Amino acid sequence: MPDDARSIISGSQSQGWIIQIRLKQHPEMARLNPSSINTIRMITFLTHPHSIKTDVEPVLLDFAGVRAGRAGSCSDNLSNGGFMIEVDHEAGYLKRGRYAPEHGGAFVDEHPDSKFPFVGFQIPYWEEAIELCFRTAMALPSVRSVGWDVAITDDGPLIIEGNCPWAPRLPQGYGTGFLNPERRARLEDAGATLPAPHLPP
């Protein structure tokens, strides 16, 4: 083994570090689960990014859902036994939750550990979270659809990351499929080219 490889493995040679400030989520969001940062997955879609049209909104909020961690977990990922709670787009309050398929796919109306009844719960800084995602989406016009993971702090929303493969199964699990007639019409009106609604014979 080369000497430089040995030094890396032994830890004697730094490979660089990324140091981030530890986030403290808003107390209202901590009611869902205090041991994890419970993020909002907000899926945006740019409408006609290369057009000069002014009669359409430049960005659509296509879906939003809160991921709540389980008791004692430091992560809100669905793979850790978590679940996602659908968000009402207009008002920013929580609707029903649902486990990922690998965890049974059952609907829930309260946190399974804390028993906190989240249906109707209002997300703090909801309008500010939408504005932040829309502004960031428009700064990246080459990527038309992004799933933003947003944390809510005492000082407002912060974007943790943006995801291009943002798991369409999430919005699909709360309705009649992802490309239902309503979403298909909305996206096509926004300039999206979508596959045919039916399989060929």
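For reference, positions follow the sequence shown, starting with 1. Note that the structure is predicted; figures quoted are calculated from it, not measured.
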Taking the side chain from [X] and the backbone from [Y], do they hold a donor-acceptor pair closer than 3.5 Å?
{"X": "Ser73", "Y": "Gly69", "answer": "no"}
{"X": "Asn38", "Y": "Leu32", "answer": "no"}
{"X": "Ser145", "Y": "Phe45", "answer": "no"}
{"X": "Arg144", "Y": "Leu46", "answer": "yes"}
{"X": "Asp88", "Y": "Glu90", "answer": "yes"}
{"X": "Ser36", "Y": "Cys74", "answer": "no"}
{"X": "Arg98", "Y": "Met84", "answer": "no"}
{"X": "Gln122", "Y": "Gly92", "answer": "yes"}
{"X": "Gln172", "Y": "Ala167", "answer": "no"}

Do [X] and [Y] make a side-chain contact, defined as non-hydrogen atoms from C-beta onward lying under 4.5 Å apart?
{"X": "Arg96", "Y": "Glu86", "answer": "no"}
{"X": "His26", "Y": "Thr153", "answer": "no"}
{"X": "Val66", "Y": "Phe121", "answer": "no"}
{"X": "Arg41", "Y": "Asn163", "answer": "yes"}
{"X": "Arg67", "Y": "Asp149", "answer": "yes"}
{"X": "Val119", "Y": "Leu94", "answer": "no"}
{"X": "Trp148", "Y": "Thr44", "answer": "yes"}
{"X": "Val108", "Y": "Phe83", "answer": "yes"}

(message) Pair Arg186, Asp62 - check side-chain contact (heavy atoms from CB on, under 4.5 Å), show working.
(response) CA-CA 9 Å; Arg186 186 168 69 246; Asp62 190 45; 2.8 Å; yes
(message) Salt bridge or not between Lys24 and Asp154? Use side-chain N to carboxylate O under 4.0 Å.
(response) no
Which heavy-atom pair separates [X] from [Y] by the least distance, and what is that distance?
{"X": "Pro195", "Y": "Arg184", "value": "O-NH1, 2.7 Å"}
{"X": "Val59", "Y": "Ala137", "value": "CG1-CB, 4.3 Å"}
{"X": "Gly72", "Y": "Ser35", "value": "N-OG, 3.2 Å"}
{"X": "Trp166", "Y": "Gly147", "value": "CD1-N, 3.4 Å"}
{"X": "Ala151", "Y": "Ile160", "value": "CB-CD1, 4.0 Å"}
{"X": "Ala64", "Y": "Trp126", "value": "CB-CH2, 3.7 Å"}

(message) Using the rule given for side-chain hydrogen bond (donor to acceptor under 3.5 Å, both in side chains), can you reason through Asn33 versus Asp76, listing the C-alpha separation, both sets of side-chain angles and the distance that settles it, and then say yes or no?
(response) CA-CA 9 Å; Asn33 181 55; Asp76 65 355; over 6 Å; no
(message) Could you go through Glu102 and Arg169, starting from their C-alpha distance and side-chain angles, then the distance that decides it, and tell me whether this counts as salt bridge (charged side-chain N to carboxylate O under 4.0 Å, His left out)?
(response) CA-CA 12 Å; Glu102 59 266 30; Arg169 67 179 183 149; 3.0 Å; yes
(message) Checking Ile152 against Ile40 for the side-chain contact (heavy atoms from CB on, under 4.5 Å) test, could you report, in this order, the C-alpha distance in whole Å, the side-chain angles of both residues, the deciding distance, and whether it holds?
(response) CA-CA 8 Å; Ile152 304 296; Ile40 313 168; 3.9 Å; yes
(message) With clusters defined by side-chain heavy atoms of hydrophobic residues (ILVMFWY) lying less than 4.5 Å apart, directly or transitively, does Leu23 cluster with Met42?
(response) no
(request) Could you go through the side-chain contact (heavy atoms from CB on, under 4.5 Å) check for Val146 and Ile43 one step at a time? (result) CA-CA 6 Å; Val146 179; Ile43 300 169; over 6 Å; no
(message) I'd like to know whether CD of Glu161 has more than 12 heavy-atom contacts from other residues, nucleotides or ligands below 6.0 angstrom.
(response) yes
(message) Check for me whether the distance between the ring centres of Phe178 and Phe63 falls short of 6.0 Å.
(response) no
(message) Let me confirm one number: the NE2-CZ distance from His103 to Arg70, rounded to the nearest 0.5 Å.
(response) 9.0 Å
(message) Walk me through whether Met29 and Ile123 qualify under side-chain contact (heavy atoms from CB on, under 4.5 Å).
(response) CA-CA 7 Å; Met29 297 300 291; Ile123 297 175; 4.2 Å; yes
